[in-house]
Amino acid sequence: MKLTFELDHIGIAVESLSQGSAFYKTLGLGDMHVEEVPGEKVKVGMFELANDARIELLEPTQPDSAVAKFLKGRGPGIHHICLKVSDIRSILKALKAQGIKLVHEEPVPGAHNCLIAFIHPKSTGGILIELSESQGER
Ligand code: ZN
């Protein structure tokens, strides 16, 4: 099976969704879809772009959330990029076999009823990369 990759979204760490979304609303991106992802300790706000990619704003819901730590260290800004993949489990297995450092060796539930996993920036050249596999309608 040929693997396919699409840009799914760009994740941006914000102190709060209301504050962080102001610019994108001014820009005219329309309504923000808000969803809480308890496993990642974040509230996400999604703006849909015309090519099906999205801008994802991430507000931490707990002080020990990875996004809270990111904000503390670096302030608001690009936190990760997410690639949509067709078979997340086989990709994770292949990456692990090649010594790539994974945050999640098994996929976990993400927003929009997706399975997600993060690849550690140490193995990617400094960018936190999220893989996401859709499980039907998002
Ligand atoms: Zn994301």
Side-chain angles (χ1 to χ4, degrees):
M1 187 177 93
K2 190 184 180 305
L3 297 175
T4 59
F5 297 87
E6 287 173 42
L7 178 64
D8 189 80
H9 62 265
I10 296 176
I12 299 171
V14 297
E15 302 282 357
S16 78
L17 289 184
S18 59
Q19 205 179 38
S21 65
F23 167 73
Y24 299 99
K25 287 178 175 163
T26 304
L27 184 62
L29 290 191
D31 290 336
M32 179 171 69
H33 166 85
V34 177
E35 191 176 333
E36 191 162 343
V37 183
E40 297 299 309
K41 298 174 184 163
V42 289
K43 209 155 76 175
V44 305
M46 291 279 196
F47 289 101
E48 301 274 345
L49 305 178
N51 62 350
D52 272 354
R54 289 167 288 165
I55 302 276
E56 176 188 77
L57 305 181
L58 302 148
E59 175 191 315
T61 54
Q62 302 283 332
D64 63 342
S65 139
V67 173
K69 287 176 200 156
F70 179 93
L71 284 168
K72 215 171 167 191
R74 300 206 226 174
I78 293 182
H79 177 260
H80 65 269
I81 67 169
C82 178
L83 299 174
K84 188 156 120 184
V85 299
S86 43
D87 186 351
I88 193 167
R89 284 194 170 83
S90 69
I91 292 171
L92 290 173
K93 207 179 285 176
L95 290 174
K96 193 184 173 194
Q98 291 171 89
I100 299 295
K101 192 169 176 200
L102 303 173
V103 177
H104 302 109
E105 294 190 359
E106 289 292 329
V108 298
H112 288 285
N113 191 31
C114 286
L115 287 175
I116 63 156
F118 283 98
I119 306 170
H120 200 282
K122 274 196 180 126
S123 288
T124 67
I127 307 284
L128 179 62
I129 294 185
E130 178 182 10
L131 301 176
S132 171
E133 180 181 335
S134 171
Q135 307 185 94
E137 284 300 298
R138 70 180 196 189

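Atoms within each ligand, like the ligands themselves, are counted from 1 in listed order.
- Centred on the Zn ion (ligand 1), the OE1 atom of Glu130 and the NE2 atom of His9 lie at an angle of 90°, reported to 10°.
- Of all N/O/S atoms in His80, NE2 sits nearest the Zn ion (ligand 1).
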Show me the donor-acceptor pairs, under 3.5 Å and distance only, between side chains in residues 20-31 and residues at least two apart or in other chains.
{"unit_1": "Ser21", "atom_1": "OG", "unit_2": "Leu17", "atom_2": "O", "d": "2.8"}
{"unit_1": "Ser21", "atom_1": "OG", "unit_2": "Ser18", "atom_2": "O", "d": "3.3"}
{"unit_1": "Thr26", "atom_1": "OG1", "unit_2": "Ala22", "atom_2": "O", "d": "2.9"}

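- For Glu56, the N, O or S atom closest to the Zn ion (ligand 1) goes by the atom name OE1.
- His79 and Glu56 share no donor-acceptor pair across their side chains, judged by distance under 3.5 Å alone.
- Nearest heavy atom pair, residue Leu128 against residue Ile119, reads CD1-O, 3.3 Å.
- When only modelled atom types and interatomic distance are considered, His112 and Arg54 share a side-chain donor-acceptor pair under 3.5 Å.
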